[in-house]
Protein chains: 4
Amino acid sequence: MVKPESNPPLSRRERLKREREARILNAAATVFSEKGFHQATIREIADLADVADGTIYNYFADKFDLLIGLLSRLAEVDRLQEELTQAQQKGAQAFFETAFRQRLNRIMQAEKILQALLPEVLVNRELRQRFYQQYVSRLTSLLEQYLQQRIEQGHIRPVHVPLTVRIIQSVLIGLLFVRILGDEPLGSQWEKVPQVLTTLLFDGLNPREEEDDRPGLVADA
Amino acid sequence: MVKPESNPPLSRRERLKREREARILNAAATVFSEKGFHQATIREIADLADVADGTIYNYFADKFDLLIGLLSRLAEVDRLQEELTQAQQKGAQAFFETAFRQRLNRIMQAEKILQALLPEVLVNRELRQRFYQQYVSRLTSLLEQYLQQRIEQGHIRPVHVPLTVRIIQSVLIGLLFVRILGDEPLGSQWEKVPQVLTTLLFDGLNPREEEDDRPGLVADA
Amino acid sequence: MVKPESNPPLSRRERLKREREARILNAAATVFSEKGFHQATIREIADLADVADGTIYNYFADKFDLLIGLLSRLAEVDRLQEELTQAQQKGAQAFFETAFRQRLNRIMQAEKILQALLPEVLVNRELRQRFYQQYVSRLTSLLEQYLQQRIEQGHIRPVHVPLTVRIIQSVLIGLLFVRILGDEPLGSQWEKVPQVLTTLLFDGLNPREEEDDRPGLVADA
Amino acid sequence: MVKPESNPPLSRRERLKREREARILNAAATVFSEKGFHQATIREIADLADVADGTIYNYFADKFDLLIGLLSRLAEVDRLQEELTQAQQKGAQAFFETAFRQRLNRIMQAEKILQALLPEVLVNRELRQRFYQQYVSRLTSLLEQYLQQRIEQGHIRPVHVPLTVRIIQSVLIGLLFVRILGDEPLGSQWEKVPQVLTTLLFDGLNPREEEDDRPGLVADA
DNA sequence: TATGAATGAGGGTTCATTCAT
DNA sequence: TATGAATGAACCCTCATTCAT
């Protein structure tokens, strides 16, 4: 299932190479996320990765290619489809809560990389397109299919599928954004977000007959 | 539109100065949004504003100060409080739909400026804090107050107010983000978003007894 | 006659600009001729010209453009046609002696520039073509016309005009080359060359009845 | 062709080494002549020679040493003295025509190497001196001796021997130069040059009583 | 106050050379 | 001895900023 990459007789040389590339990408993520792509210098990344400046160019064509490398790693590690497929066996609401939790976890894990990428994504056409295709539209497609299906099954109200999916996508990205902005409640209560979000999405703000007493719905901080 | 500051007669000299500053800021917004802050050059902005390079430094301390200028203009023109106060006279759902429409309209009007600012907001601590305070947290506060009130009045289900408000904020910012990414449905159906979003927020995805037949809920594109 | 460029009301600013450009080109000629184009650094040229590195780029697009600038100056200052036209009023042999003297003088005056240009001329296609057109082929054409005419008039033996002219051209360039190589006799007896060359070219090596007693034909060094 | 050095049996190992060195020098000549010494990279030469970068440094001390290697090969292969000695048995004019033909043939054969060397010869003091000694002055000396002798024998008019010889040398180098410049007539009629040059050198441009009808003296292209 | 040329620090990138394998 | 990845010094060029006019 998960391409096991099980050709492990990697030569020592090959292992060193991979390890070096990883170190460089890590360093790039750190420096980019702290200073921004343009403020970051190759020198600084090289120092942090403990290689010489020139070595970076044995692994990446140029500075921008480091961003591409980060984006690739982002997409590569992500098990988006598999995760979502598993979650589909649950009910609709549980599916969304699971999906949100997965996505928000991923975002948190990859926060540094995302913080390195996002600013340039907004600015660079090529990166923007790659990011949209490799990162955004994949989730969009899956959600559209899922939502459509569930609507047809009557498990979900008939809504404007494309826009609803965009709205859901936007929440996720927006949450990352506001989190990066340093918003305190989001920073400290990130784990609660999936549930609040799911409840909101399913039950809405409208008051119901039956009072809802589940914990976590009211701020306790 | 609402220019209550028009008290003093303003000398010809003064008018010229203001007009020049506006031209410079416009040029900066255009160039920054197209190329990004770091790719943009003072020369290019000066050319577009039809002034000499050096002139810009009579109006702004340095290149970064142009961003501050754009942020100020963003906040300055915005009638956030007044608009929301007006909307509060409506019912809760109508309030949100109005508020969303206002916000999304503002976002669209100021898209160029926002596209110029956002990348640097993610990268520059000072700008980030200013942006958060002048642009994000103002809405957050107002929404928190409003939501709290309505919950106490029983018009809205008791929800986790801080996170709910962050989620709402995130939708707005995220929508802008996905729009900038070039997402087609968002680009072409931007006007429908407020209603879809409001319905989603209030009624949720859960199916109800009574079928919902209001127009615009199902994609027709 | 010599376009006097008599629009002297050059502003002070303009004069300074021209003077700066000249200083830069002089410095470039010096450094290029001493170290070669690739060994030369912009820093060094700037220092010698007493300007900042960046200033050079206000006058020349890039390092290579300095070579183009040198080539232009070479062609610009040269009064090739006028000089030759004057010389045409003399007899054939006197014409050539005059022409050789003019050319060899020019070469000596411009030796630094030529030494800066030649190596790159051999290496860079664009410069090669420009050099050939602006510097070499102009003389070639004039000589071809002149030789053809004189042959038709019977003042010169019928020879293979194109090759003969190339041979003459080659002597001039070759003499410069051997001079640059540091050849001593050429360095110290450069002024004798035109006469020796002319005699050789007209009378040849074949011995004649009448012994030739003109001075300068036998080495006295 | 004439390989009298073939005394020792040469081990397989030794043969491989020589062959490798030859491949490297060939590659260097090709790349240098096409791009120039400084534009050429060791990588490119190594690729063309089908060896690794580092291998080149087992054969040559550094990049510059490749030029020295080319110069050595140039001098080594050249049978200057033997060829000229043979030619001396002819009459003076035949001698020169033979000598010119030999030299111009050599130049053509070695054009690539010369084109690789000349630019750096003009720029690098050490290479310049070596080139002058190993390539230029050897011919100069031989010609000076020969010319002096013939003059004393009365077969050649008494001319300024040192300068005359320099002029002859200069023609050869200059012809190579103009050829490299891409001059068309020289490129296509290179074989005619020795004869035209010899006639010019011996008979001069002065018209004679007897009309000269030998072929090849008038351009037919 | 507007101008725009001069400034020069800064950084991405190249590539000859080294050296562990 | 051959390999080829790592090294890091070196350099062209950009461009924000200054300042004489």
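Letters go in sequence order (proteins before strands), and every chain restarts at 1.
- For the residue pair C:Leu70 and C:Leu25, the shortest heavy atom distance occurs at CD2-O, 3.6 Å.
- Ion pairing between a basic and an acidic side chain is recognised when a charged N comes within 4.0 Å of a carboxylate O; C:Glu19 and C:Arg23 show such pairing.
- Atom CD in B:Glu14 sits about 10 Å away from atom P in E:dT1, given to the nearest Å.
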*Spell out protein contact along nucleotides 14-21 of chain E as letters: B when the base is contacted, S when just the sugar-phosphate is, - when no protein heavy atom is under 4.0 Å; keep the 5' to 3' order.*
BSSBB--S
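- For B:Arg73, the side chain to side chain donor-acceptor pair (under 3.5 Å) criterion is met by B:Asn26, not counting sequence neighbours.
- Taking A:Lys17 as the reference, nothing meets the salt bridge (charged side-chain N to carboxylate O under 4.0 Å, His left out) condition, with sequence neighbours excluded.
- Paired regions of DNA chain E, where each region holds three or more successive Watson-Crick or G-U pairs whose two hydrogen-bonding distances fall under 3.5 Å, are E:2-21 with F:2-21.
- If you check residues 29-36 of chain C against DNA chain F, you find no residue with a heavy atom closer than 4.0 Å.
- Residues passing the salt bridge (charged side-chain N to carboxylate O under 4.0 Å, His left out) test with C:Lys112: none are found, sequence neighbours excluded.
- Distance C:Asp65 CG to F:dC13 C1': 14 Å, rounded to the nearest Å.
- Residues meeting the side-chain contact (heavy atoms from CB on, under 4.5 Å) test with A:Thr55, sequence neighbours left out: A:Arg20, A:Val51, A:Ala52, A:Tyr59.
- For C:Arg130, the salt bridge (charged side-chain N to carboxylate O under 4.0 Å, His left out) partners two or more places apart in sequence, or in a different chain, are C:Glu126.
- Rounding to whole angstrom units, CD1 of residue B:Ile56 and P of F:dA16 are separated by 9 Å.
- Taking atom CD1 of A:Ile45 as the reference point, atom P of E:dG11 lies 12 Å away to the nearest angstrom.
- In this model, the phosphate group of F:dT1 is not approached by any side-chain N or O of D:Arg20 to a distance below 4.0 Å at OP1 or OP2.
- Using a 4.0 Å heavy-atom distance criterion, B:Tyr59 is classed as a sugar-phosphate-only contact.
- Listed by chain and number, the residues in a ring-ring contact (aromatic ring centres under 6.0 Å, His included) with D:Phe60 amount to none (sequence neighbours excluded).
- Taking atom CG on A:Leu66 and atom C1' on E:dT13, their separation rounds to 13 Å, with Å as the unit.
- A straight line from CD of C:Glu21 to P of E:dA5 spans 13 Å, rounded to a whole angstrom.
- Under the salt bridge (charged side-chain N to carboxylate O under 4.0 Å, His left out) criterion, A:Glu21 pairs with no residue at all, not counting sequence neighbours.
- Distance CZ (A:Arg18) to P (F:dA5): 14 Å, rounded to an integer number of Å.
- Distance CG (C:Leu67) to P (F:dC12): 12 Å, rounded to an integer number of Å.
- Counting only residues at least two apart or in different chains, ring-ring contact (aromatic ring centres under 6.0 Å, His included) contacts with residues 16-44 of chain C comprise C:Phe32-C:Phe37, C:His38-D:His38.
- With sequence neighbours excluded, the residues satisfying side-chain contact (heavy atoms from CB on, under 4.5 Å) with B:Ala75 are B:Gln134, B:Arg138.
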